[in-house]
Amino acid sequence: MEGRTRLAARHRLRTNGASTVGKCLATRHPLLTAARPSEAPAPNSSWLKHMQSEMVLPLITHGLVIGVLSAQSSRSDAFSSQDITGFQIMCDQLANAIENARLLADAQQRAEDLAQAYDQLKELETLKDKFMQNVSHELRTPLTMIRGYAEFMLGGQLDMAGADHRDALRVILRNSEALSEMVTDILAMLEISATKTAATAISIAETVEDSLAGFHIVAARQGVALNANLTTCHQDCLVMARSDHLRRIVDNLLGNALKFTPTGGQVHVRLWEDGQRVYLEVADTGIGIPAHLQERIFERFYQVDSVQRRARGGAGLGLALVRELVDGYGGSIRAFSAGVDQGSTFTVILPRVAA
Ligand code: ADP
């Protein structure tokens with residue numbers, strides 16, 4: 001009873017050489033204390049306030065002491081050397097049982113870890129297959145167009161002096177651009193997985209302005225209004241990054257916003273800071289993202305599955321790349337959309353560095 005109370009109070013046995021438990025651990029031999037001198041205080045290893053005699057036995061398995069068994073009594077001479085012999089047999093069995101239970105728990109844990117690793121591998125394998133399918137599909141479409149038009153031109157089926165000729169060249173150009181964009185994404189993905197290069201302090205406003213300059217033409221051609229408000233984040237609003245990485249982050253978000261916003265829609269870019277962090281927001285009035293997929297779109301190769309989206313191309317790598325880059329620079333990215341056809345807003349947060 002007394003022992004249980006002390007156990008509940010998290011009583012710890014002393015295992016240093018001075019205690020009986022410590023001595024038994026060190027010598028690996030049973031210990032018998034017949035009677036305690038009345039004037040001596042109860043030792044720390046005692047479970048009983050008025051302990052008089054004690055028997056301590058080692059728990060040994062595979063040559064290792066894994067614990068001790070201490071039996072105590074408030075009577076003097078409560079234990080004999082015969083008790084020691086009997087209890088030691090029990091202790092050996094106990095030690096084996098404890099060790100077996102531990103080995104079983106270890107084996108179970110290892111089996112669970114293995115099963116988890118196998119599931120992850122299977123998921124990776126599925127993602128890789130999906131990626132190969134996506135890439136081959138996405139590569140085949142523009143390649144077919146390029147080849148088809150080149151064959152028309154060579155075969156003399158087009159009016160080489162007139163509009164046909166220019167249209168064909170435009171198709172070839174547009175499709176080669178799409179191809180090169182995809183290959184760039186794939187290579188960039190491989191590159192950032194392989195190397196983490198040193199960053200420098202760069203102006204995020206300048207990067208956004210450069211990127212916007214390129215996208216204004218795309219937006220105009222598409223009939224989408226592209227606006228920006230960068231005034232709250234001036235030239236001294238610096239972040240630590242590699243300039244081509246930062247440009248890739250901005251380009252990917254702007255490219256997606258335009259890709260998923262139909263004619264007549266709007267894309268708005270905002271930049272601001274709160275002293276410690278810089279915020280880049282790209283909001284569009286496009287086709288939106290279902291709530292339950294707003295995290296999944298950051299996974300490598302993941303694309304929201306719909307005919308409308310598949311028709312817009314891509315390999316599902318852009319956002320995964322953006323997240324890896326942003327994470328690598330100590331930042332974060334989140335997506336928000338009120339739902340399908342409700343537009344989307346992407347916010348990148350990066351640590352601000354002093355000028
Ligand atoms: P990709 O654009 O090449 O398909 P991303 O990784 O850039 O790959 O995007 C993953 C998916 O997230 C896209 O296929 C699309 O379904 C969704 N998505 C990304 N940006 C937007 C956006 N601005 N509006 C709607 N859906 C988006």
Side-chain angles (χ1 to χ4, degrees), residues 126-128 130-142 174-175 177-193 208 211-212 215 218-219 222-228 245-270 280-328 332-348:
T126 318
L127 280 175
K128 208 179 78 194
K130 205 165 168 213
F131 171 65
M132 294 308 280
Q133 272 170 17
N134 281 352
V135 168
S136 1
H137 175 264
E138 301 303 338
L139 288 178
R140 201 171 298 134
T141 317
R174 203 173 53 237
N175 283 286
E177 275 166 9
L179 274 182
S180 91
E181 204 181 294
M182 200 188 309
V183 172
T184 312
D185 263 1
I186 296 169
L187 289 179
M189 192 98 228
L190 296 175
E191 190 233 352
I192 63 156
S193 307
V208 175
S211 174
L212 279 169
F215 279 107
V218 184
Q222 217 178 292
V224 171
L226 175 57
N227 304 303
H245 283 172
L246 191 61
R247 180 64 190 266
R248 186 162 288 284
I249 293 170
V250 182
D251 280 359
N252 267 318
L253 294 181
L254 270 175
N256 274 349
L258 286 168
K259 186 158 79 172
F260 296 107
T261 302
T263 305
Q266 287 175 27
V267 172
H268 193 79
V269 186
R270 247 175 9 116
L280 164 70
E281 182 190 271
V282 179
D284 65 58
T285 58
I287 63 173
I289 305 157
H292 66 289
L293 299 178
Q294 285 167 23
E295 255 308 301
R296 291 218 68 187
I297 54 170
F298 292 101
E299 290 172 18
R300 282 185 185 194
F301 319 125
Y302 191 83
Q303 293 183 302
V304 178
D305 227 353
S306 81
V307 178
Q308 197 190 11
R309 287 168 203 271
R310 302 286 305 127
R312 291 165 208 255
L317 280 175
L319 287 178
L321 185 66
V322 170
R323 175 164 272 181
E324 272 191 49
L325 287 172
V326 170
D327 282 355
S332 62
I333 178 166
R334 57 171 186 254
F336 172 76
S337 169
V340 174
D341 290 330
Q342 303 291 307
S344 313
T345 302
F346 286 82
T347 313
V348 171

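Both ligands and their constituent atoms are indexed starting at 1 by order of listing. These values consider heavy atoms only, across backbone and side chains, with no hydrogens, waters or symmetry-generated copies.
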What atoms of ligand 1 come within less than 4.0 Å of a heavy atom belonging to [X]?
X: K259; answer: 1 (P), 2 (O), 3 (O)
X: V304; answer: 16 (O)
X: S344; answer: 22 (C), 24 (N), 25 (C)
X: G318; answer: 5 (P), 6 (O), 7 (O), 8 (O)
X: L317; answer: 6 (O), 8 (O)

Consider ligand 1: state whether an atom of it lies below 4.0 angstrom from any non-hydrogen atom of G286.
no
Does the residue N252 have a heavy-atom contact with ligand 1, meaning some pair of atoms that are separated by less than 4.0 Å?
no
Taking distance alone, with N or O pairs closer than 3.5 Å, would you say L319 contacts ligand 1?
yes
Just let me know how F346 lines up against ligand 1, side chain, backbone, both or neither, with a heavy-atom cut-off below 4.0 Å.
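The answer is the side chain.
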Identify the heavy atoms of [X] and [Y] that sit nearest to each other, and give their distance.
X: G288; Y: S337; value: CA-OG, 3.5 Å
X: D327; Y: S332; value: OD1-CA, 4.5 Å
X: F298; Y: R334; value: CZ-C, 4.2 Å
X: F346; Y: I289; value: CZ-CD1, 3.8 Å
X: A219; Y: L258; value: CB-CD2, 3.8 Å

Give the intermediate values and the outcome of side-chain contact (heavy atoms from CB on, under 4.5 Å) for residues L246 and V208.
CA-CA 9 Å; L246 191 61; V208 175; over 6 Å; no
Listed partners of T285 passing side-chain contact (heavy atoms from CB on, under 4.5 Å), at least two apart
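For T285, the residues satisfying side-chain contact (heavy atoms from CB on, under 4.5 Å) (neighbours in sequence not counted) are T261, Q266.
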